[in-house]
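A short worksheet on the structure shown next.
The model shown is predicted, which means the values in this text are computed figures rather than measured ones. Every number for a ligand or one of its atoms is a count from 1 in the order of the listing.
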Amino acid sequence: MIYFDNSSTTQPDESVLESFMAANHKYYANPASLHVLGREAEALLDRSKEQMLKLVGNENGNVVLTAGGTEANNLAIFGLSEAYRARGNHIITTQIEHPSILQACRKLEDNRFEVDYLSVDEQGLISLDELEKTLRKDTILVSIMHVNNEIGTIQPIRQCAELIKKNSRAIFHSDCVQSYGKLPVNMESLQVDAITISAHKVNGLKNSGALLLKKGVTPQAINFGGGQENGLRSGTVSVPNAVAMAKAMRISSVQEERADYREWRNLLIEACRRYENIQVLSPEYGAPHILSIAFKSINGEVAVNYFQEHGIILSTSSACSSKNKNASHVIEAIGLENKFKNGVIRISFGNTNTKDQLDEFITVLKSFMDLIERGM
Ligand SMILES: Cc1ncc(COP(=O)(O)O)c(C=O)c1O
């Protein structure tokens, strides 16, 4: 099988699994324990966190380990809004965030916070003008994703940061779950105060993620118990998970965007443009690993099944929304024409893919389009 669904999740890398197993064998002690095994586990935990921070250019900052990107995003929204509430109650995000940001923001609206959801154009890009006009003196938190998981739009995070700093005292969080490992993610150059990363999107393990924070930026806790992670995330910390996540981040870290993915994506775009019945939804300069296309008057599921029968795995817009029969919030936000709305599929590359697999995809696409043109 050819796996082109890497934005949903990736296959764990062998070296990550080995690190995880080795740490489980030797460093199974509770890192909060005072005995020698506990202290050894704690030292390894600290080293893993230092590596994560270094990899995102945030050596002096902090990491809160979580059970994945969803929890880290929840901690960012609930925890940071509560921590900075004395400054105001206004929050800004976008219409196309992952549900772990959007649903958390909706919940905050029930709790006397005011949330503005920035609109996007047909390529999923926010407008810097709209951001500037929406910022207020009482804006306490802005959360804008780096790369959109459904169509791969890259938001101008650095420019957003400059506007935010100029016009408010807001904390700036960015969901970097889809950008890490494919684009450079450096908190210093992006000028962000907090980012979310999820290990399973970069050949790590599921249920393992982190909220990485600039020094001095501290959310309030959203879960309660033994006070681990400096009181920010109670629950016994899994040192093997931390080791495995640091390893996954290390092996996938990039200083420049993935040029191989960019090249494959360009080839795919070129192939898709040969067919009138296909619309390319992803922006030309979107993330190199995600390509979203839509078939006219054809159900995305039909296409996904056809490709599966021919040995290729991909998904309709995103794994979260693929079981939902309606168009996703992202597809609605970019204002896709009705006749394309049900025909969206997403191809996403990862470390296990090769150029030959891409050629195979293009061949299967051609046979699918021939079939469609002949009326199935
Ligand atoms: C942009 C984005 N943010 C957050 C998440 C949630 O991450 P996790 O699956 O680790 O909870 C995902 C997962 O699909 C994502 O694509």
Side-chain angles (χ1 to χ4, degrees), residues 3-12 16 52 56 63-79 93-106 117-118 120 124-126 143-155 157 173-183 185 190 192 194-212 222-223 233 235 238 241-242 244-245 248-249 252 282 286-292 314-324 328-331 333-334 344 346-350:
Y3 185 73
F4 280 141
D5 195 21
N6 290 279
S7 286
S8 295
T9 194
T10 57
Q11 183 177 30
V16 170
M52 292 181 202
V56 297
V63 188
V64 185
L65 297 174
T66 62
T70 297
E71 191 191 318
N73 277 344
N74 275 215
L75 180 59
I77 299 299
F78 291 122
T93 187
T94 80
Q95 289 177 359
I96 61 164
E97 297 297 306
H98 187 266
S100 52
I101 294 285
L102 283 178
Q103 298 303 326
C105 284
R106 298 252 182 259
Y117 301 86
L118 300 176
V120 293
L125 261 186
I126 60 158
S143 183
I144 299 177
M145 72 197 324
H146 194 186
V147 164
N148 179 265
N149 49 308
E150 293 193 28
I151 59 172
T153 312
I154 306 172
Q155 302 296 352
I157 296 298
H173 166 259
S174 182
D175 176 347
C176 293
V177 166
Q178 293 289 346
S179 56
Y180 188 86
K182 288 86 185 180
L183 300 177
V185 173
L190 291 175
V192 287
I195 63 170
T196 293
I197 292 185
S198 171
H200 76 98
K201 308 286 185 181
V202 292
N203 304 96
L205 304 174
K206 289 163 193 59
N207 271 307
S208 185
L211 182 66
L212 297 108
I222 61 167
N223 82 330
R233 207 276 184 171
S238 167
N241 271 76
M245 177 155 174
M249 284 178 67
S252 55
S282 299
H289 65 304
I290 297 177
L291 185 69
S292 172
L314 27 97
S315 63
T316 56
S317 49
S318 81
C320 308
S321 57
S322 59
K323 293 211 174 92
N324 188 336
S328 76
H329 65 292
V330 178
I331 299 305
I334 64 172
V344 180
R346 180 184 67 182
I347 303 112
S348 50
F349 307 135

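- Checking His146 against Ser174 by side-chain atom types alone, no donor-acceptor pair falls below 3.5 Å.
- The residue from Asp175, Thr70, Thr9 that puts a heavy atom closest to atom 2 (C) of ligand 1 is Asp175.
- Checking only distances, Ser198 does come within under 3.5 Å of ligand 1, N or O to N or O.
- Per-residue contacts place Asn73 under 4.0 angstrom from the following atoms of ligand 1 (heavy atoms of the residue considered): 3 (N), 4 (C).
- Ser100 and Asn73 make their closest contact through OG-ND2, 3.0 Å (heavy atoms, listed as atom of the first residue, atom of the second, distance).
- Numbered from 1 in the order shown, with element, the atoms of ligand 1 that lie under 4.0 Å from a heavy atom of Gly68 read 10 (O).
- Each of Gln95, Glu97, Arg106 was compared with Tyr117 under the side-chain hydrogen bond (donor to acceptor under 3.5 Å, both in side chains) criterion, and only Arg106 meets it.
- Between Lys206 and Thr9, the side chains place a donor N or O and an acceptor N or O closer than 3.5 Å (distance only, hydrogens not considered).
- Of the residues Asn6, Asp5, Thr10, the one that meets the side-chain hydrogen bond (donor to acceptor under 3.5 Å, both in side chains) test with Ser8 is Asp5.
- Ligand 1 lies less than 4.0 angstrom from a heavy atom belonging to Lys201.
- With distances taken over non-hydrogen atoms, the option nearest atom 5 (C) of ligand 1 out of Gln178, His200, Met145, His98 is His98.
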